[in-house]
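Here the structure comes first, spelled out in C-alpha cells, and everything after it is commentary.
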Amino acid sequence: MLKSSYLIRYSSFQFKRSFHLTIPSLTAGQTQYHGQKNSTWWDKYDSHVDPVQTRTDLLNMDDLDERHFRPVKPVIPTYQSFSCFHDPIISRVIGILLREGNRELVEELIHKTFRTMKLIQTGKYNRAKTKEERDSIECNPVTLLKQAIKNATPIVRLTRIAKGGTLYSVPIPISPIRATFTAIRLLIDSTHDARPHDQRFWTLFAKEIMDAAQNQGRTIKKKQEIHRNAELNRAYAHFKWQK
C-alpha cells in the first residue's frame, strides 16, 4: 500500500516537473534555470540574432543592422561559420588530418602547404614569357586543392559480399560524401607513402596536390587502380541486388 502510494506521488511529481518545464510563461527560477531571475527560456533564446554566414551579407550590412546592438548567437558547427575565409572542403581536410584533437597543428600544416603552393605557382607565373602561359597557371591554392580532389574522386568502390561461403569483391556506386573522403584520404596516403626523412610534410603535400590537379602523380594512379579492380570484378556486380 505504501509502495503504491509512493509510486503514484512520484509519477505525479514527474508529470508536473515535465509540464512546468514546457510552459513558456514560467520564470527562470520555476524552471530551475539559474540565469536571470525574471526571464523565461523563450525570451532569453529570442533575444539573440543569427550571425552573418556569408561574405556578401557582411559587406552589405549597414550601420543600423540589429547585429551591432543585440547579442549574436554563437556559431557552434564549423559549417555555419561566418568567416569570409571559411571553406567546407578545407575544414574537411583538416578534420581528416586531425590527430588527438590537435587542431592548431593541423591548421598550421595546411597554411604552410598553401604557402608552399603559392610560392611554387607564383614562381612559375613570373618565369612565364607569354600571356597564354600565365593564364594557364593557377596561383590560388584553394582552387588547386578543389581541382585535385575532383580529379582524385573515384566513381565506384569495392565491397565484400558473402555468397556460398565465398567472399566476392563487388563493385558498387559510391556516394558523393564517401567519394570526397576517399579522394582526400588518397592524397594524404600518397603523401605519407612518398615522404622521405629529410622533407617536411607540407612540402610533399603541396607537390601531391599540384600533381593531382594536373591528373598526375601517385594519387591519380591509386584512383585508377580502384577503377581497374572494379573493372576486373564487374562479373560479380549483380551480387549487390542479392542478399
Side-chain angles (χ1 to χ4, degrees), residues 52-59 78-155 174 176-228:
V52 180
Q53 299 185 5
T54 60
R55 186 177 183 181
T56 305
D57 296 341
L58 181 64
L59 295 176
T78 55
Y79 57 85
Q80 293 181 356
S81 175
F82 58 86
S83 175
C84 58
F85 300 104
H86 171 73
D87 192 279
I89 294 295
I90 299 177
S91 298
R92 193 163 185 187
V93 174
I94 292 174
I96 296 175
L97 277 171
L98 191 63
R99 293 293 181 274
E100 299 180 357
N102 197 349
R103 195 177 186 87
E104 294 182 357
L105 175 62
V106 179
E107 289 179 352
E108 183 180 358
L109 291 176
I110 294 297
H111 292 163
K112 290 182 178 180
T113 301
F114 285 171
R115 180 178 180 273
T116 304
M117 295 167 60
K118 188 75 172 181
L119 290 175
I120 294 175
Q121 294 299 103
T122 304
K124 292 181 181 179
Y125 184 85
N126 293 332
R127 289 191 298 269
K129 299 181 179 180
T130 61
K131 187 177 183 300
E132 289 76 10
E133 294 179 359
R134 293 182 177 180
D135 293 339
S136 62
I137 298 174
E138 179 61 53
C139 296
N140 189 356
V142 179
T143 305
L144 290 173
L145 177 62
K146 292 181 178 180
Q147 185 64 33
I149 293 175
K150 181 180 178 181
N151 293 340
T153 301
I155 59 176
I174 188 170
I177 297 177
R178 184 161 184 171
T180 304
F181 170 79
T182 305
I184 298 173
R185 190 76 258 174
L186 290 178
L187 282 170
I188 297 173
D189 292 343
S190 300
T191 304
H192 286 301
D193 293 343
R195 181 181 179 184
H197 297 287
D198 57 344
Q199 292 192 23
R200 296 294 184 177
F201 171 80
W202 56 81
T203 304
L204 296 174
F205 194 39
K207 294 179 180 179
E208 196 64 39
I209 291 173
M210 290 187 294
D211 289 342
Q214 299 177 0
N215 272 323
Q216 301 174 0
R218 300 177 183 87
T219 305
I220 304 301
K221 291 182 180 179
K222 289 186 176 182
K223 185 197 77 168
Q224 294 173 354
E225 184 68 22
I226 294 175
H227 290 172
R228 191 178 300 111

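Nothing here was measured: the structure is a model prediction, and the numbers come from that model.
The two residues Glu138 and Leu144 have their closest heavy-atom pair at O-CD1, 3.7 Å. Closest non-hydrogen pair, Thr122 versus Lys118, comes out as OG1-O, 2.5 Å. Smallest separation of non-hydrogen atoms from Ala179 and Pro154: CB-O, 3.7 Å. Between Ile155 and His227, the shortest heavy-atom distance links the atoms N-NE2, 3.2 Å. In terms of heavy-atom proximity, Ile184 sits nearest to Val93 at CD1-CG2, 3.8 Å. Residues Ala206 and Met117 come closest through the heavy atom pair CB-CG, 3.3 Å.
Rounding to the nearest 0.5 angstrom, the gap separating the CG atom in Leu109 from the CD1 atom in Ile94 is 9.5 Å. To the nearest 0.5 Å, atoms CH2 (Trp202) and CD (Glu108) are separated by 7.0 Å. The distance from the CG atom of Asp211 to the CZ atom of Arg218 is 8.5 Å, given to the nearest 0.5 Å. Atom-to-atom distance recorded for Leu97:CG and Thr113:OG1 is 8.0 Å, nearest 0.5 angstrom. The distance from the CD atom of Glu133 to the NZ atom of Lys129 is 8.5 Å, given to the nearest 0.5 Å. Taken to the nearest 0.5 Å, the CD atom of Gln199 stands 15.0 Å off from the CZ atom of Phe205.
Counting only distance, with no hydrogens or angles, the side chain of Glu208 and the backbone of Thr219 share a donor-acceptor pair below 3.5 Å.
A 6.0 Å sphere centred on CZ of Arg178 holds no more than 12 heavy atoms belonging to other residues, nucleotides or ligands. In Leu59, the CG atom is crowded: over 12 heavy atoms of neighbouring residues, nucleotides or ligands sit closer than 6.0 Å.
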Identify every side-chain donor-acceptor pair in residues 146-153 under 3.5 Å, counting partners at least two apart or on other chains, and give the distances.
| from | atom 1 | to | atom 2 | distance (Å) |
| --- | --- | --- | --- | --- |
| Lys146 | NZ | Asp87 | OD2 | 3.0 |
| Gln147 | NE2 | Asn151 | OD1 | 3.1 |
| Asn151 | ND2 | Gln147 | O | 3.3 |
| Asn151 | ND2 | Ala212 | O | 2.9 |
| Asn151 | ND2 | Ala213 | O | 3.1 |
| Thr153 | OG1 | Ile149 | O | 2.4 |

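Salt bridge Glu107/Arg103: present, at least one basic N to carboxylate O contact under 4.0 Å. One finds no salt bridge joining Lys221 and Glu225 here, because no Lys/Arg side-chain nitrogen approaches an Asp/Glu carboxylate oxygen to under 4.0 Å.
Contact annotation: the side chain of Phe114 approaches that of Leu145 to within less than 4.5 Å [non-hydrogen atoms, C-beta and beyond].
Scanning for side-chain hydrogen bond (donor to acceptor under 3.5 Å, both in side chains) contacts around Asn126 gives an empty result, with sequence neighbours left out. Qualifying side-chain hydrogen bond (donor to acceptor under 3.5 Å, both in side chains) partners for Arg185, counting only residues two or more places apart in sequence or in other chains: Asp189.
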